[in-house]
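Counting from 1, the numbers follow the sequence of the chain as shown. Note that the structure is predicted; figures quoted are calculated from it, not measured. Any value given below was found using the heavy atoms of this structure, including those in side chains, with hydrogens, waters and symmetry copies removed.
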Amino acid sequence: MLIDILREELIKLNVKCNDWKEAIEEGAYLLEKEGIVNKNYKEAIINNFYELGPYMVIAPGIVLSHARPEAGVNKNGISILTLESPIEFGSELNDPVKLIITLAAKDNTSHLSSLSKLMEILMNSDDLNSIINAKTVQEVVKIIEKYS
């Protein structure tokens, strides 16, 4: 279930970040401090941005940051980070970004069900806006629970 890998401890709201790199680091750190990924994971995500550009900016205002399982994933997890002020990631179509979702998948398949539920949330504009504008973690958890 989505709520099992996107727990309260993995949600942080209205974070002040100065640039895209800091935003990626903050999102990955939520997973790192829970032992879901190791330190190498955030470096792998940042390297992906440098090498491949802003392809992880998947929709207006939303980044789905991730790297390969072998880059330091210990178990499946997802973190959510909302930004105090939107940040440019270099995506002509989808900048500026206000929501950072960091995905850690331990293999190529076991996370697909949770990712599918997450996509349902992102496609529901009311729930998506509620997450982006949430003032408390509990507001976000309530939305996630609807999809679990």
Side-chain angles (χ1 to χ4, degrees), residues 1-15 17 19-84 86-87 89-91 94 97-148:
M1 289 200 320
L2 185 58
I3 197 68
D4 294 332
I5 67 167
L6 181 45
R7 303 180 316 269
E8 239 177 86
E9 313 76 62
L10 300 171
I11 302 167
K12 196 169 178 185
L13 307 175
N14 297 310
V15 177
C17 293
D19 57 27
W20 68 266
K21 188 176 173 187
E22 190 177 336
I24 293 297
E25 289 171 346
E26 287 284 332
Y29 178 71
L30 292 171
L31 296 169
E32 185 183 323
K33 73 178 184 162
E34 295 297 315
I36 295 167
V37 300
N38 65 36
K39 286 182 180 185
N40 298 335
Y41 195 67
K42 77 178 148 213
E43 293 307 317
I45 295 170
I46 290 167
N47 288 338
N48 283 346
F49 265 98
Y50 282 129
E51 289 174 26
L52 305 170
Y55 76 97
M56 292 184 225
V57 186
I58 59 167
I62 304 170
V63 165
L64 180 60
S65 69
H66 60 281
R68 303 271 319 141
E70 59 272 13
V73 177
N74 299 321
K75 56 186 171 183
N76 291 336
I78 299 173
S79 71
I80 287 183
L81 183 80
T82 63
L83 300 174
E84 180 182 274
I87 291 177
F89 272 73
S91 170
N94 296 322
V97 168
K98 180 102 164 93
L99 176 64
I100 313 292
I101 300 167
T102 305
L103 172 68
K106 68 178 179 176
D107 58 43
N108 291 327
T109 57
S110 62
H111 66 289
L112 295 178
S113 156
S114 298
L115 189 57
S116 172
K117 292 293 181 190
L118 180 63
M119 290 304 125
E120 285 181 38
I121 295 172
L122 299 180
M123 291 187 304
N124 181 318
S125 58
D126 290 339
D127 286 340
L128 175 60
N129 287 326
S130 293
I131 289 173
I132 290 171
N133 297 307
K135 302 288 184 235
T136 69
V137 169
Q138 274 313 113
E139 291 174 56
V140 178
V141 168
K142 223 176 200 176
I143 293 165
I144 295 164
E145 286 174 340
K146 282 181 10 183
Y147 292 85
S148 290

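Tested against I62, the residues L128, I131, N94, V97 include a single side chain to side chain contact (heavy atoms under 4.5 Å, CB included) partner, L128.
Residue L6 holds its CG atom at 10.5 Å from CD of E145, rounded to the nearest 0.5 Å. From T102, atom OG1 reaches atom NE2 of H66 across 10.5 Å, with rounding to the nearest 0.5 Å. A distance of 9.5 Å separates CD in E8 from CD1 in I144, rounded to the nearest 0.5 Å. With rounding to the nearest 0.5 angstrom, the NZ atom of K21 is 12.5 Å from the CZ atom of F49. Between the OH atom of Y147 and the CD1 atom of I121 there is a distance of 6.0 Å, given to the nearest 0.5 Å. In this structure, OH on Y29 lies 12.0 Å from CG on L10, to the nearest 0.5 angstrom.
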Apply side chain to side chain contact (heavy atoms under 4.5 Å, CB included) to the pair V140 and T82, showing each step before the final yes or no.
CA-CA 11 Å; V140 178; T82 63; over 6 Å; no

Show the numbers, then the answer: is there a side chain to side chain contact (heavy atoms under 4.5 Å, CB included) between N133 and E139?
CA-CA 10 Å; N133 297 307; E139 291 174 56; over 6 Å; no

Determine whether V63 and V57 satisfy the following criterion, side chain to side chain contact (heavy atoms under 4.5 Å, CB included), listing intermediate values before the conclusion.
CA-CA 4 Å; V63 165; V57 186; 3.7 Å; yes

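When every heavy atom of G35 is checked against every heavy atom of N74, the shortest pair comes out as O-ND2, 3.0 Å. Minimum heavy-atom separation, I11 to L13: CG2-CD2, 3.9 Å. Closest of all the heavy-atom pairs between A71 and N38 is O-OD1, 4.0 Å. Residues I5 and N76 come closest through the heavy atom pair CG2-O, 3.9 Å. The nearest pair of heavy atoms linking A67 to Y41 is N-OH, 2.9 Å. Between I101 and I80, the shortest heavy-atom contact is CG1-CG1, 4.4 Å.
Looking only at distances, no side-chain donor or acceptor of E43 sits under 3.5 Å from a matching main-chain atom of K39. Proximity of a side-chain donor or acceptor of S65 to a complementary backbone N or O of I24 within less than 3.5 Å is not detected. A donor-acceptor pair is defined here as one N or O able to donate and one able to accept, closer than 3.5 Å; such a pair exists between the side chain of K98 and the backbone of L83.
Within a 6.0 Å sphere centred on NZ of K117, other residues, nucleotides and ligands contribute 12 heavy atoms or fewer.
Contacts of S130 classified as side-chain contact (heavy atoms from CB on, under 4.5 Å), with partners at least two apart in sequence or in another chain: I143. For K12, the side-chain contact (heavy atoms from CB on, under 4.5 Å) partners at least two apart in sequence or on another chain are V15, E26, L30, L81.
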